Amino acid sequence: MKWPSLRPIQEEAIHAILKSNADVLISAATAAGKTEAAFLPILSEVHENPTPSVQAMYVGPLKALINDQFGRLEDLCQRAEIDVHRWHGDVDAGKKNRLMEKPSGVLLITPESIESLMINRNTRLPSVFRGLKYVVIDEIHALIGNVRGTHLRSLLFRLRRYVEHDFRIVGLSATLGNAFSDYAEWMRPDRDREVSLISAKDEGKQLLYKIHAYTISKPDAHTSCSADESYKSTGAMPQDMFRHFSGHKNLIFANRKSDVEWFADELNSQCRAKNLPEEFLVHHGSLSKEIREYTEQEMQKERPRTTVCSSTLELGIDIGNVRSVGQVDPPYSVNSLVQRLGRSGRKKGEPQRMRLYIREEDVDEQSELTDRLHLDLLQAIALSELLLSRPRWVEPPRLVSWDLSTLTQQILSTLAETGGCQAGVIFERLCRRGGFRSMPPNVFSELLRGLGKRQIIEQMSQGDLILAPDGEKVVGHYSFYSAFQAPIEFNVIAGSETIGRLPVESLPQVNDHLLLAGRRWQVVAIDDEQKVILVRSSPGKAPPRFLPNGGDIHERVRQKMREVLLASSPVSYLDSTASRLLQNARNAAAFSDIAKGSIVALSPNKILWFTWTGTRTQRALMLIAEVLKLRPVDHHVALELACSQTEATEKFSAYAKSTPNAIQLAEELPFKHINKFDYLVDDTLLVQGLARDYLDLDGALWLIETIS
DNA sequence: GACCTGCTGCGGGGTG
């Protein structure tokens, strides 16, 4: 390959893989040569001991990533005469059939396609995977701690049945943080193999970092101004963004797809006003594949281009050398801030550049206390402080203990794989020796009974369980293969071009204006049958609507926000507005005694309880306050309660003394169906899972103790 | 208060 030398992580990986029997985790920035680090030793071994079977399997979270890696691995493998195959939804059936008939070499695949193999190609599995020695999991941080990771882990355990000798796992990631043990636990719950860690040294890159703040006037409650109106009052922010980013190659991340569209349009309007070519592109998950690929290709060229994007460009898709990264509004985790920052300054000697843009409401003495604390700015500073701290802290993955939705999917899949099976055998494969180790046998039986009651599965006279006709329908539909829930969407089409998709729950009306793919449209017609929205070009503009879908914020981030608020030292990377707003927030905090106690009385019958805690604990507190009939309002870092301080303290203490239990509390949740297959599970079981994974009662009780 | 991801088999029509 004409490389002058190997990188240190590549040399280390060769030793770890060839000279030991351990599983391996490789942690290094994107484009640091992780794929080669894993595959150089693996391919050497495959080359020396060829067998008529797939010998190494690469699992990637994105089709685009698999396509990228396919090219690179083909280059490496050609000379060694090792076959490389890819398998995902866009690969044609002929190629798939050929692999099934003559399995060999390296297979690149998605978790969902492994699921489809289990169901549709089960008779071929022994010959295809008999000689499997290595499973390489790319971007492993994107899979651990969510249902997709639980799914993949279960599939890998199921696959072991077809493998002659147990395979080793090599995980690749750019942000492991200090959570090595969580990853090791995920990979080897039985600790039957060592897991060794190989991580690239911090290169000590120069970092240019700035937070810009803007005040926008609060939408007037009396004129009931729509959410769209607030977009119009962002003031000097788009102009500054244009000055900071035009003429170079950059990425600007926004938290919402509607913001991506809005800011791309604002920035391109400025190009037009200045008679410059439009240089701002868009990238997010509701755009058509063609438009996303166009943006990815444009970013690889030399021309100055800035892409406004959602988290789609956080993962390893190759988008060339990015000069600086922008971020509109504070992100939600240190993890994602690290990933985003890491997209800039990849060239040797280039600094990393990050600009955060924070929108804060204009406030005065009369404004609500929570508004006067400028919580978005505080969150941005808190995340920045955690990002800049050494050693750096990032959120550890949360290993979900009772994913009943994905277990249900795996039960149905096992029945399809085997054509019928004893309950005990399923329990053995999926739970006792599978991915769902913490599942007690009695809960598993109850889950099966629930599926029987719903006529999804049935028991034959000899005792074997099989799929009932309704179960066959669930498994037979192509949407079965993924463990995660996806919304129903309408395609947006202009002429013969598919632009993107919009969720059925928030469709526009005919004649409405719409921004999508960085262009302005008007809706011509909506076809409910075909699920199609026809649009044509039009000068009017309105941001598109997508579904809100809140995620979790870690408690450490909220604690850091409190620390920043109660400190008095200046923060070095703020612009003048941000400094002024931080000082105002600190003054408001001092004036309202937030430092002294966590409860602030707003009126005789209204208090704010500052909890500064993570989403799971806050959720539990909200539910408890509901149960206590305190009419709570969630301000994220605080609870607003309709009572006096004495009443709140008394009621919460009494609750804490009543030996509360998490399951009873979970029963109070208004919506219990969170994940894809929850509709096949009895509520009595779901609340047990929710009590473990969705609410943090212990954290809530601990906070209650601090106020009583 | 948010973002992202994935999947099949078949019929119809065009091309070599």
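Chain A is the first sequence line, chain B the second, and so forth, proteins listed ahead of strands; every chain is numbered from 1. On a predicted model such as this, the values are computed, not experimentally measured, just so you know.
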Margin query: Checking contacts here: which listed nucleotide (B:dA2, B:dG6, B:dC4) is nearest the side-chain heavy atoms of A:R256?
Written below: B:dA2
Check: Does OP1 or OP2 of B:dC4 have a side-chain N or O of A:S310 closer than 4.0 Å?
Finding: yes
Item checked: Under 4.0 angstrom between A:S116 side-chain N/O and B:dT8 OP1 or OP2 -> yes
Check: How far apart are the C-alpha atoms of A:N67 and A:H88, what are their side-chain angles, what is the distance that settles it, and do they pass the side chain to side chain donor-acceptor pair (under 3.5 Å) test?
Finding: CA-CA 10 Å; A:N67 294 342; A:H88 57 62; 2.9 Å; yes
Note to self: Is A:K96 close enough to B:dT8 that one of its side-chain N or O atoms is under 4.0 Å from OP1 or OP2 there?
What the structure shows: yes
Check: If you pin A:T615 and A:T110 to their nearest nucleotides in DNA chain B, which one's is more 5'?
Finding: A:T615
Margin query: So A:Q618, base contact, sugar-phosphate only, or nothing? Heavy-atom distance under 4.0 Å.
Written below: nothing
Next item on the list: Please work out if A:D90 contacts a base, only the sugar-phosphate, or nothing of the nucleic acid, heavy-atom cut-off 4.0 Å.
Entry: nothing
Note to self: Just to be sure I understand the rule, does A:S113 reach a base, reach only the sugar-phosphate, or reach nothing, if contact means heavy atoms closer than 4.0 Å?
What the structure shows: sugar-phosphate
Next item on the list: Mind checking A:I553 for me? I need base, sugar-phosphate or nothing, with any heavy atom below 4.0 Å counting as a touch.
Entry: base
Checklist line | Presence of A:R292 side-chain N/O under 4.0 Å of B:dT5 phosphate oxygens OP1/OP2 | finding: yes
Next item on the list: Answer with base, sugar-phosphate or nothing: what part of the nucleic acid does A:D634 contact at a heavy-atom distance below 4.0 Å?
Entry: nothing
Next item on the list: Map A:G285 and A:H88 onto DNA chain B by nearest heavy atom, then report which one ends up closer to the 5' terminus.
Entry: A:G285
Next item on the list: Using the six-membered ring for Trp and the full ring for Phe, Tyr or His, decide whether A:Y481 stacks on the six-membered base ring of B:dT8 (centres under 5.5 Å, planes under 30°).
Entry: no
Next item on the list: Just grab all the salt bridge (Lys or Arg N to Asp or Glu O under 4.0 Å) pairs involving residues 285-294 of chain A, residues at least two apart or on different chains.
Entry: A:D90-A:K289
Notebook entry, point to check: Do A:E563 and A:K560 touch side chain to side chain, with heavy atoms closer than 4.5 Å?
Noted result: yes
Margin query: By the 4.0 Å heavy-atom rule, please label A:H477 as base, sugar-phosphate, or nothing.
Written below: nothing
Next item on the list: Return the set of residues passing ring pair (Phe, Tyr, Trp, His ring centres under 6.0 Å) with A:W186 (not counting sequence neighbours), or none when no residue passes.
Entry: none
Check: Does the side chain of A:T406 come within less than 4.5 Å of A:F436's, by heavy atoms?
Finding: yes
